[in-house]
A.B. asks: 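Before we start, here is the structure in question, set down as structure tokens.
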Amino acid sequence: MASENIQRPEGAGEDWTVRQGWENYSSAEHAMWDRLFDRQAKMLVGRVAPEFLDGLDILRLSKPGIPNFEELNERLTKATGWQVVAVPGLVPDDVFFDHLANRRFVSGNFIRTPEQLDYLQEPDIFHDVFGHVPLLANPVFADYMEAYGRGGQRALRHGGLENLARLYWYTVEFGLIQAADGLRIYGAGIVSSYGESIFALDDASPNRIGFNLKRLMQTDYRIDDYQQSYFVIDSFEDLLSQTLNTDFAPLYADLADARAYATDTLLPGDRVFTQGTQDYATGKAAAA
Ligand code: PHE
Ligand code: FE
């Protein structure tokens, strides 16, 4: 992920990459990967998009231990021309977009500690690799991510970053998809989270709304807790073709002075899969 106002750490290259340093992981760190992997692999059966499971298979992502990027990249590059590169943490937006536009996915090289098992603020290697990389082995999703990187470079010039960031959030991080036998999760933020992989699909609380590009780019999101709304795409092909065939510049201009929709809003034009009770968010707010 990208962020503003951060300093390039010592030892990172011009492009902010570092060596993964696979030989430096401790056995406790490898064991943490295994623990997270086991828990999610079980959770995902019947919940995740089949393309994600295909990706795990193609890349032979599994146990034991944290994947070595050199080995992972051999398979990933063969599948779609993508590569995973290590960075020390968040990187600036332009750096992030440049990597994506060139089919390089940036991943944190550290793994969470046992205290951070269920929540951490910065994406670690489990979120970045387990969450994001399987779909990069899918040719359509791979094209979408590259296009997003180029879209980001364009958004920087058009002042559309806030709107485009919402697209990333509600697809790449928290997207749902309508699969042959029902809704499935595919966003990395859900897929790598034990709690949210249940909540996003099975809980009565959140809204589930059909994908609508402009509407979504106008919708706030939560960075502090489970989402109050999820957007459902029809297919990865549809997501790719809609975003490729839409010129975002007029959307950015239109949305520049528009107010954002709140995270729980349902609109008259929405294609509603679930009208959420919002009980979870309401309960949390009351307890605070
Ligand atoms: N078509 C978008 C634009 O005009 C670029 C884009 C493509 C953005 C795919 C996201 C995903 O800026
Ligand atoms: Fe992420």
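Numbering starts at 1 and runs along the sequence shown. For ligands, and for the atoms within them, numbers begin at 1 and follow the listed sequence. Owing to the predicted nature of the structure, the values given are computational and were not obtained by experimental measurement.
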A.B. asks: Specify whether an N/O/S atom of Glu173 falls short of 2.8 Å from the Fe ion (ligand 2).
C.D. replies: yes
A.B. asks: With the side chain counted from C-beta on, respond yes when Thr219 and Thr265 share a heavy-atom pair under 4.5 Å apart, and no when they do not.
C.D. replies: no
A.B. asks: Can you give the angle His127 NE2 - the Fe ion (ligand 2) - His132 NE2, rounded to 10°?
C.D. replies: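 Value returned, to the nearest 10°, is 90°.
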A.B. asks: Can you confirm if the NZ or CZ of Arg215 lies within 45° of the ring axis of Tyr261 and under 6.0 Å from the centre of its six-membered ring?
C.D. replies: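 Cation-pi check for Arg215 and Tyr261: passes.
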A.B. asks: Counting only heavy atoms from other residues, nucleotides and ligands, does the tally under 6.0 Å from CZ of Arg35 exceed 12?
C.D. replies: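 Atom CZ in Arg35 is not crowded, with 12 or fewer foreign heavy atoms closer than 6.0 Å.
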A.B. asks: Which of parallel (below 30°), tilted (30 to 60°) and perpendicular (above 60°) describes Tyr186 and Phe141?
C.D. replies: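 Ring orientation, 0 to 90° scale: perpendicular.
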A.B. asks: Between Phe236 and Tyr144, is the gap from one ring center to the other below 6.0 Å?
C.D. replies: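 No.
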A.B. asks: Is the shortest distance from a Lys or Arg side-chain nitrogen in Lys214 or Asp254 to a carboxylate oxygen in the other one below 4.0 Å?
C.D. replies: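 Here Lys214 pairs with Asp254 in a salt bridge, since their nearest N and O are under 4.0 Å apart.
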A.B. asks: Are there any protein N or O atoms under 3.5 Å from the N or O atoms of ligand 1? List them with distances, or say none.
C.D. replies:
from	atom 1	to	atom 2	distance (Å)
ligand 1	1 (N)	Thr243	O	2.8
ligand 1	1 (N)	Thr246	O	2.8
ligand 1	4 (O)	Arg154	NH1	2.4
ligand 1	4 (O)	Thr246	O	3.4
ligand 1	4 (O)	Phe248	N	3.0
ligand 1	12 (O)	Arg154	NH1	3.1

A.B. asks: By the definition side-chain contact (heavy atoms from CB on, under 4.5 Å), identify the one residue from Leu164, Asp143, Thr243, Val172 that meets it with Tyr148.
C.D. replies: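 Passing option: Leu164.
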